[in-house]
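Just so we're clear, the structure is a prediction, and the values are computed from it rather than from any experiment. Position 1 is the first residue of the sequence; numbering continues from there.
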Amino acid sequence: MRPYQRCLLGLSMAGALQLASCTSQQTTDGETMTTEQSATEKMPADVHSYAQPAEAVAKHLNLDIEVNFDQKIISGTASYLIENLTGTDKIVFDSRNLQIEKVFLGDEMAETTFQLGEVNSFMGQPLTINIKPDTKKVTIKYKTAPDAAALQWLNPQQTAGKKHPFLFTQSQAILARTWIPIQDSPGIRITYSAKVKVPQELMAVMSAENPMQKNNTGVYTFEMKQPIPSYLMALSVGDMVFEKVGPQTGIYAEPATIKAAAYEFAEMDKMLVAAEKIYGKYRWDRYDLLVLPPSFPFGGMENPRLTFVTPTVLAKDRSLTSLIAHELAHSWSGNLVTNATWNDFWLNEGFTVYFERRIMEELYGKDYADMLNVLGYQDLQNTINELGAESEDTHLKLDLEGRDPDEGLTDIAYEKGNFFLRNIESAVGRERFDAFVNSYFNTFAFQSTNTDKFLDFLRKELIKDDDALAEKINIEGWVYGAGLPEGFVAPTSTRFTKVEDAFNAWKGGKAAAQLNTKEWSSHEWLHFIRMLPANMSQQQMAELDKAFNFTKSGNSEVLAAWFIHAINNKYTTADKALETFLTNVGRRKFLVPIYKALNATPEGKKKALAIYAKARPNYHAVSTVTLDEMLK
């Protein structure tokens, strides 16, 4: 194990931030952290950040901000403790559409000069601050823009309760710089504290130690003691309540949603226990969920201590909770050990998908996990077909220079990464592989790493000059090769075999209502819908809908898959439900394929544009950037 060193940060008696010495540290539960790279070690180059951390780097952020719903802005100060590694006279932060008002140095708040550089459409601009060689603290006074890409401002009608406005942030991949001037690279980790002022009737929560009830002042304070990358900076403000699930787990949601959420996620504690059994102690103290309004663009966002999650997983039968296992798994892969650049994104997501399915296997058995792997393989095949079998974007190690890193957020990182790790497990056996992954998480805990470092660790700790094993693992084919390596064996599922038998019976003329589907989970239904022919008659569509009530399904995964067939087969019975879904749901995973199907015909495009005109205000910028381009 590599030793871990961390620069400790604390408060003086007067409350001034101070930079302490770099020493080993114990966490609040007494667990000893191992070492971080020394401050002078060269940071991995990140082509998506203007920061120059090898010269001067931020170590701790103290955020003091006010949230203004009327103007749709956040304003205040971001104070950083910095480490000047080279005696340079400047430090560089990332900024995008921020109004930088003034910058100060030190506790004495001596005003200094700064420059904002040339604007790039997705990277924003560098904020270069003039400092002295002995500067330890920089304070930036700023305001966000009303259309800041990370911020989603919702009016009361866009919430579940319909009474109060709501705000949430989405910082991944490089959107933290749109609401905080920050060194916005996953290769740079900071601790932070914050004071957030909000309207008195609302509550604020962050990716930090959180309050569990609303106060009467509208002022909330936060602390994140473990160092995190900027994309995990998160804030949400709204009419929220908290309900405990277990000793370390709980749920925040609007009052109108809390009971449904508490039922849906009642097994969170079991998931946490299962995860710790496989890969060791959870290191972030609490694991809570925040159920957001439907406009949230992702299934979930693994903000430490507080996962942000879409309400589209509230299926009323706990059938979509693998998403929670995924976000929980990120507490190890992604949050604890982080990809140093967005070219290494598979290190976050490949490990997380693999770990998610191990958690689900631990809770529900191998047959259940097998279904998830088959569905994941189907998604991966679709992505490879879309990108092109020989596309370099189907490599695990990407080259995203000059492009928005969101272009790398595909199923390649998630599913190809998962199958690479499953391949290693198959080559060495589960027991040996688990020991290796535990060692990896412990060695690189609270650090950012990259593909080269991981592969060096893999060769040193697992392959160990075993040529036969190296050939089985096939690093070159998996990491640097296009598509899936030759000889890859697709996953299978015994439960899906029964679904396929039912499908073939229907295809052979058996009435849909007579199929034995009583015990099917949402995964089996999804597999069935994915097997349906691309071209079906109105009679076939109506028969399936009458037998299985697809158009009125309360399961978002099933509903979204069914809508593709409804669009392609002009099944107008589903039109009203389709418009309702697109108007109320902002999850990018569902929106993109549905709008793409609509956009494929002139008639469908007309319908898509009409719906989009009404629905667009409900969507986050992460979704609208893609849809604006698609629909022109």
*Quick one: do the Asn555 and Asp317 side chains pair a donor with an acceptor below 3.5 Å?*
no
*asked:* I'd like to know if the side chain of Glu500 pairs up with that of His527 as donor and acceptor (distance under 3.5 Å, no hydrogens or angles considered).
replied: yes
_Glu386 and Thr383: side chain donor to acceptor below 3.5 Å_ = no
*Please lay out, stage by stage, how Asp456 and Lys460 fare under the test salt bridge (Lys or Arg N to Asp or Glu O under 4.0 Å).*
CA-CA 6 Å; Asp456 286 345; Lys460 179 182 175 184; over 6 Å; no
_Looking at Glu519 and Arg495, is there a salt bridge between them, counting it only when a charged N and a carboxylate O are closer than 4.0 Å?_
no
*Under 3.5 Å, is there a donor-acceptor pair between the Thr312 and Thr310 side chains?*
yes
*Does Lys366 pair with Glu361 as a salt bridge, N-O distance under 4.0 Å?*
no
*asked:* Under a 3.5 Å threshold, yes or no: a donor from one side chain and an acceptor from the other, between Ser439 and Asn442?
replied: no
*Do Asp288 and Arg305 pass the salt bridge (Lys or Arg N to Asp or Glu O under 4.0 Å) test, and can you show the C-alpha distance, the side-chain angles, and the key distance before you say yes or no?*
CA-CA 6 Å; Asp288 296 322; Arg305 297 182 62 108; over 6 Å; no
*Within residues 414-424 or reaching into it, pairs that qualify as salt bridge (Lys or Arg N to Asp or Glu O under 4.0 Å) - sequence neighbours excluded*: Arg357-Glu415
*Indicate whether the side chain of Ser448 and that of Asn339 have a donor and an acceptor atom separated by less than 3.5 Å.*
no
_Side chain Asn584, main chain Thr580, donor-acceptor under 3.5 Å_ = yes
*Flag the pair Glu264 and Lys316 as a salt bridge only when some basic side-chain nitrogen lies within less than 4.0 angstrom of an acidic carboxylate oxygen.*
no
_Trp520/Phe528 aromatic ring centres below 6.0 Å_ = yes
*asked:* Can you see whether Tyr571 engages Asp545 through a side-chain donor-acceptor pair at a distance of less than 3.5 angstrom?
replied: yes
*asked:* Would you say Glu543 and Trp506 are linked by a side-chain donor-acceptor pair, where the criterion is simply a distance under 3.5 Å?
replied: yes
*asked:* What I want to find out is whether Lys397 reaches Asp452 closely enough, with some N-O distance under 4.0 Å, to be called a salt bridge.
replied: no
*Is there a donor-acceptor contact under 3.5 Å linking the side chains of Asp628 and Tyr612?*
yes
*asked:* Using the ring centroid of each side chain, check whether Phe296 and Phe168 are separated by less than 6.0 Å.
replied: yes
_Under 3.5 Å, is there a donor on one side chain and an acceptor on the other for Arg587 and Ser556?_
no
_Test salt bridge (Lys or Arg N to Asp or Glu O under 4.0 Å) applied to Arg403 and Asp393, step by step_ = CA-CA 12 Å; Arg403 294 191 285 165; Asp393 284 351; 2.9 Å; yes
*Does Arg530 pair with Asp379 as a salt bridge, N-O distance under 4.0 Å?*
yes
*Below 6.0 angstrom between ring centroids: does that apply to Tyr368 and His523?*
yes
*Out of curiosity, Trp525 CH2 to Leu559 CG, how far, rounded to the nearest 0.5 Å?*
14.0 Å
*asked:* Quick one about Thr341 and Asp46 (side-chain donor to acceptor, distance below 3.5 Å, no hydrogens or angles considered), yes or no?
replied: no
*For Asn335, what residues pass the side-chain hydrogen bond (donor to acceptor under 3.5 Å, both in side chains) criterion, not counting sequence neighbours?*
none
*Cationic N near anionic O, under 4.0 Å, Lys632 to Glu629*: yes
